[in-house]
J.: 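After the structure tokens below, expect a handful of questions from me.
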Amino acid sequence: MSARFEPPFIQDNPSGWGPNTIPAQFRDMPYQPFSKSDRLGKVSDWTGATYQDRRYMTKYQSQYGAGGTQYAYYHEEDETSFQLVDTARATKPMYGRGRGFRGRGGFRGRWNNAFNNRQAATTNLQTLTKAQKIKERDRQRQVRKWQKQQAGRQNYHRAAPIKSRDASVMVKSDWLVVEEMDFPRLGKLSLPSVNEPEDLLQCGSLEYYDKLFDRVNVKNEKPLQRIDRIFHTVTTTDDPVIRKLVKTETTANVFVTDAILATLMCASRSAYSWDIVVQKIGGKVFLDKRDNTEFDLLTVSETSAEPPQEEGSNLNSPRNLALEATFVNHNFSQQVLKSDGEKYKFDMDNPFVDADEEGEVASVAYRYRKWNLGNDLVLVCRCELDAVQQGSNNEMQFVNLKALNEWDSRHSGGVDWRQKLDTQRGAVLANELKNNACKLAKWTVQSILAGADNLKFGYVTRYSVKDSSRHIILGTQQFKPIEFGQQINLNMDNAWGIVRCVLDIIMQQQDGKYLIVKDPNKPILRLYDIPDNTFESEDDSEESEEEISGEEE
């Protein structure tokens with residue numbers, strides 16, 4: 001019996017070739033495109049990254065990709081609240097290879113990104129051999145070792161966020177803001193018409209500068225001595241000479257000291273908070289500092305990119321550094337004077353020497369000088385001089401002595417004075433100008449106001465980085481105040497412009513008490529109208545009432 005032949009059912013496709021409908025047995029089966037040239041090397045690939053070695057990455061890859069999304073699993077229920085948790089430990093980025101690595105910022109960033117991306121790409125890869133597993137384990141162990149080596153350097157190079165500073169005075173709710181002055185506007189002010197000052201009185205006596213200290217250098221250093229002398233920092237209204245000048249100088253209507261005036265003139269360079277009390281009595285303005293405040297302390301690294309932020313009793317806290325700098329400044333200014341007893345005396349004695357006061361008074365002279373600022377503003381300022389020296393033609397030159405102190409070069413620009421001072425003094429001074437722009441500007445302004453012929457800086461460093469009580473003098477440097485002001489971009493026309501602007505605003509107000517406050521965290525000055533009894537004890541208020549009545553008489 002012959003086999004029976006049944007011809008298959010052939011679909012007729014008039015518009016083309018091949019079947020035009022899907023056969024019944026393949027109707028619900030997903031279709032994956034393929035190429036005849038594809039290699040068959042794996043049964044299934046769930047991750048798409050089976051092989052770690054790049055040579056085999058694309059060996060069995062289809063030219064049509066992974067086959068689209070037809071094998072993807074979709075769950076119909078809403079699972080928006082569902083969250084996957086990755087329990088794998090993330091490997092921290094490595095900041096360089098080997099010991100002593102120093103890379104440029106941009107390169108280091110690119111290297112880290114490449115490292116992190118490679119880590120992310122390889123976390124899900126399956127290793128092929130045991131040898132590769134061992135190799136990967138050794139590499140990760142080396143990474144951890146490098147990270148430990150670099151940990152200290154990473155923290156050192158990473159800038160800590162600057163903490164918000166506290167205001168120098170607690171602003172009360174009943175204080176009214178009269179005016180807000182932002183630094184960009186203050187920086188554009190100018191008063192070029194201020195003439196040379198007129199000397200009203202000169203008091204005190206000055207000792208002579210010892211020129212042996214000009215020869216001090218790093219190899220021939222001198223220890224800083226502790227010299228117990230009395231320094232008077234008397235505010236404007238407590239000055240007996242200014243009280244007399246209020247009565248005798250009838251045209252003068254603004255009274256101030258050089259420290260307060262310099263603070264106001266250099267306001268736009270300041271970063272820390274400070275405040276000045278303004279008293280307007282009978283059309284006359286007195287600018288004062290508050291008692292028992294940090295106004296007279298010298299700031300340290302105030303304008304640095306990374307100012308000191310230690311707290312409490314740490315020897316590098318801002319307050320302790322300020323006390324150290326003030327202590328160093330006082331001792332340096334007295335140590336560099338001749339001890340033979342010869343003095344250059346002015347017409348009047350020091351007005352602040354008390355007969356009952358024990359101890360020797362520091363070498364200091366006061367010049368009471370008068371400036372006409374225009375717009376009916378005549379300002380009287382008490383200026384200070386520290387010493388005197390003989391010039392090349394035996395003429396007398398007045399000198400102001402100031403000490404720059406190094407506390408820890410690692411945290412203040414990385415310029416080690418012991419290594420750089422003799423060979424690269426310009427780099428040391430430039431670093432100080434960057435970190436202490438406000439302090440140096442104030443010193444320069446005070447010297448210009450006082451008419452000092454020279455401004456002499458001493459470079460003083462700690463005997464040991466961790467000991468703030470012993471210091472070494474490494475050298476001195478002398479400048480003409482006006483020339484040094486030009487070097488540090490100090491514009492006296494702008495400085496007088498700021499003073500005139502503030503005084504014009506105060507003159508428009510009624511008699512009373514006001515307060516100028518530098519905002520601790522913003523480049524803004526605020527003028528507050530405050531109650532008359534603010535900052536005063538009972539004794540102070542009685543004295544001020546007597547003083548006012550005396551002036552009116």
Side-chain angles (χ1 to χ4, degrees), residues 167-169 177-197 235-236 252-280 284-289 295 299 302-303 369-383 433 436-450 481-482 484-509 514-529:
S168 60
V169 61
V177 178
V178 177
E179 189 75 36
E180 273 195 358
M181 296 159 273
D182 59 280
F183 287 3
R185 282 195 299 161
L186 290 178
K188 293 173 184 173
L189 299 172
S190 181
L191 186 65
S193 56
V194 178
N195 296 321
E196 287 297 306
T235 189
T236 311
N253 51 7
V254 181
F255 298 88
V256 67
T257 66
D258 60 345
I260 296 169
L261 188 58
T263 301
L264 193 56
M265 285 180 160
C266 302
S268 56
R269 293 186 183 224
S270 62
Y272 292 160
S273 179
W274 47 265
D275 58 272
I276 297 171
V277 179
V278 181
Q279 297 185 71
K280 190 178 180 194
K284 299 197 178 202
V285 174
F286 299 87
L287 301 179
D288 277 303
K289 58 175 184 160
F295 190 89
T299 60
E302 177 181 0
T303 55
R369 315 183 94 191
K370 183 169 74 173
W371 283 266
N372 189 338
L373 306 184
N375 199 22
D376 297 326
L377 287 172
V378 178
L379 179 141
V380 171
C381 178
R382 183 190 77 215
C383 307
L433 285 171
N436 296 290
C438 185
K439 178 168 73 173
L440 282 156
K442 284 202 279 192
W443 284 345
T444 310
V445 164
Q446 284 174 255
S447 298
I448 292 172
L449 292 174
I482 293 172
F484 185 69
Q486 291 167 351
Q487 282 186 39
I488 66 172
N489 203 24
L490 175 68
N491 185 347
M492 285 304 290
D493 291 350
N494 171 246
W496 283 117
I498 292 171
V499 174
R500 167 74 182 271
C501 171
V502 173
L503 290 176
D504 283 345
I505 294 168
I506 293 166
M507 283 300 182
Q508 293 167 8
Q509 311 303 317
Y514 302 88
L515 189 72
I516 302 168
V517 181
K518 155 73 174 71
D519 187 285
N521 300 302
K522 295 177 185 173
I524 291 175
L525 288 187
R526 290 191 183 90
L527 178 65
Y528 290 96
D529 186 347

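This structure is a prediction, so every number in the text was calculated from the model and none was measured.
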J.: Could you name each residue pair satisfying salt bridge (charged side-chain N to carboxylate O under 4.0 Å, His left out) that touches residues 262-277, not counting sequence neighbours?
T.: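 For residues 262-277, and leaving out neighbouring residues, the salt bridge (charged side-chain N to carboxylate O under 4.0 Å, His left out) pairs sorted by first residue read Asp275-Arg290.
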
J.: Just to verify, what does Thr303 make a side-chain hydrogen bond (donor to acceptor under 3.5 Å, both in side chains) with, not counting sequence neighbours?
T.: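 Testing Thr303 for side-chain hydrogen bond (donor to acceptor under 3.5 Å, both in side chains), a comparison that skips the adjacent residues, returns none.
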
J.: Do you know which two heavy atoms are closest between Cys438 and Cys266, and how far apart they sit?
T.: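 So the minimum-distance heavy-atom pair works out to SG-O, 4.0 Å.
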
J.: Kindly say whether Ala167 contributes a backbone atom to a donor-acceptor pair with the side chain of Ser273 at under 3.5 angstrom?
T.: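 Side chain of Ser273 to backbone of Ala167: no pair is present.
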
J.: For residues 183-191, run the donor-acceptor check on the side chains, cut-off 3.5 Å, and write out each pair with its distance to 0.1 Å, sequence neighbours left out.
T.:
residue, atom, partner, partner atom, Å
Arg185, NE, Asp182, OD1, 2.7
Arg185, NH2, Glu180, O, 3.0
Arg185, NH2, Asp182, OD1, 3.4

J.: With a 4.5 Å heavy-atom cut-off, do Trp371 and Val380 have their side chains touching?
T.: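 Side-chain contact under 4.5 Å: no.
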
J.: Any chance you could lay out the side-chain contact (heavy atoms from CB on, under 4.5 Å) test for Asp288 and Thr257, step after step, and finish with the verdict?
T.: CA-CA 8 Å; Asp288 277 303; Thr257 66; over 6 Å; no

J.: Could you check whether Gln509 and Asp529, counting side-chain N and O atoms only, form a donor-acceptor pair closer than 3.5 Å?
T.: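 The criterion, which ignores hydrogens and geometry beyond distance, is not satisfied for Gln509 and Asp529.
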
J.: Can you tell if the side chain of Met507 reaches within under 4.5 Å of the side chain of Asn253, non-hydrogen atoms only?
T.: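 A side-chain contact exists here, since the closest heavy-atom pair is under 4.5 Å.
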
J.: Return the CD1 to OH distance between Ile505 and Tyr514, rounded to the nearest 0.5 Å.
T.: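 One gets 12.0 Å once the value is rounded to the nearest 0.5 Å.
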
J.: Take Leu515 and Val278 through the side-chain contact (heavy atoms from CB on, under 4.5 Å) test and state the conclusion after the steps.
T.: CA-CA 6 Å; Leu515 189 72; Val278 181; over 6 Å; no

J.: Are any non-hydrogen side-chain atoms of Asn372 and Asn195 less than 4.5 angstrom apart?
T.: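 No, every pair of side-chain atoms sits at 4.5 Å or beyond.
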
J.: Can you find a heavy atom in the side chain of Val256 that is under 4.5 Å from one in the side chain of Leu379?
T.: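 With C-beta onward as the side chain, the pair touches.
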
J.: Check side-chain hydrogen bond (donor to acceptor under 3.5 Å, both in side chains) between Lys370 and all other residues, then give those that pass, not counting sequence neighbours.
T.: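 With neighbours one apart ignored, the set is Glu249.
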
J.: Indicate yes or no: at least one non-hydrogen side-chain atom of Ile276 is less than 4.5 angstrom from one of Phe295.
T.: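 Yes - at least one pair of side-chain heavy atoms lies under 4.5 Å apart.
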
J.: Where do Val285 and Ile506 come nearest, in terms of heavy atoms and distance?
T.: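 Distance-wise, the nearest heavy atoms are CG2-CG2, 3.9 Å.
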
J.: Rounded to the nearest 0.5 Å, how far apart are CG of Asp519 and CG of Leu525?
T.: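 Nearest 0.5 Å value for the CG-CG distance: 9.5 Å.
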
J.: I need the full list of side chain to side chain donor-acceptor pair (under 3.5 Å) pairs touching residues 491-504, with sequence neighbours left out, sorted by first then second residue.
T.: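 Sorted result for residues 491-504: Asn375-Asp504, Arg500-Asp504.
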
J.: Please tell me if the side chains of Phe484 and Gln486 come closer than 4.5 Å, counting only heavy atoms from C-beta onward.
T.: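 With C-beta onward as the side chain, the pair stays apart.
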
J.: Under a 4.5 Å cut-off applied to non-hydrogen side-chain atoms, are Lys442 and Thr263 in contact?
T.: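 Side-chain contact under 4.5 Å: yes.
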
J.: Once you round to the nearest 0.5 Å, how far does CD of Gln508 lie from CG of Leu503?
T.: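 It is 11.5 Å, given to the nearest 0.5 Å.
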
J.: Could you walk me through whether Asp258 and Arg382 pass salt bridge (Lys or Arg N to Asp or Glu O under 4.0 Å), step by step?
T.: CA-CA 6 Å; Asp258 60 345; Arg382 183 190 77 215; 5.5 Å; no

J.: Would Val378 and Leu373 count as a side-chain contact (heavy atoms from CB on, under 4.5 Å) if you check the C-alpha gap in whole Å, the side-chain angles of each, and the deciding distance to 0.1 Å?
T.: CA-CA 6 Å; Val378 178; Leu373 306 184; over 6 Å; no

J.: Minimum heavy-atom separation for Ile260 and Lys289, please, with both atom names.
T.: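 It is CD1-N, 3.6 Å.
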
J.: Considering non-hydrogen atoms only, spot the tightest contact between Leu287 and Leu264 and give its length.
T.: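 Smallest interatomic distance, heavy atoms only, reads CD1-CD2, 4.4 Å.
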
J.: Using a 6.0 Å cut-off, check whether atom CD1 of Ile482 has over 12 heavy atoms from anything other than its own residue.
T.: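 At most 12 heavy atoms, drawn from other residues, nucleotides or ligands, come within 6.0 Å of this atom.
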
J.: Using every non-hydrogen atom in the two residues, find where Ala262 and Gln446 come nearest and quote the distance to one decimal.
T.: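 Residues Ala262 and Gln446, closest heavy atoms: CB-CG, 3.7 Å.
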
J.: Taking atom SG of Cys381 and atom CG of Leu449, what is their separation to the nearest 0.5 Å?
T.: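 Between Cys381 SG and Leu449 CG, I get 5.5 Å after rounding to 0.5 Å.
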
J.: Under the rule for ring pair (Phe, Tyr, Trp, His ring centres under 6.0 Å), what residues qualify as partners of Phe255, not counting sequence neighbours?
T.: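 So Phe255 forms a ring pair (Phe, Tyr, Trp, His ring centres under 6.0 Å) with Phe286.
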
J.: For Lys522, is the NZ atom crowded, meaning more than 12 foreign heavy atoms sit under 6.0 Å from it?
T.: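 Atom NZ in Lys522 is not crowded, with 12 or fewer foreign heavy atoms closer than 6.0 Å.
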
J.: Apply side-chain contact (heavy atoms from CB on, under 4.5 Å) to the pair Lys284 and Gln279, showing each step before the final yes or no.
T.: CA-CA 8 Å; Lys284 299 197 178 202; Gln279 297 185 71; over 6 Å; no

J.: Please tell me whether Ser447 and Trp443 have a donor and an acceptor in their side chains that are separated by less than 3.5 angstrom.
T.: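 Side-chain D/A pair, Ser447 to Trp443: absent.
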
J.: Considering non-hydrogen atoms only, spot the tightest contact between Glu302 and Tyr272 and give its length.
T.: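 Heavy atoms of Glu302 and Tyr272 come nearest at OE2-N, 2.9 Å.
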
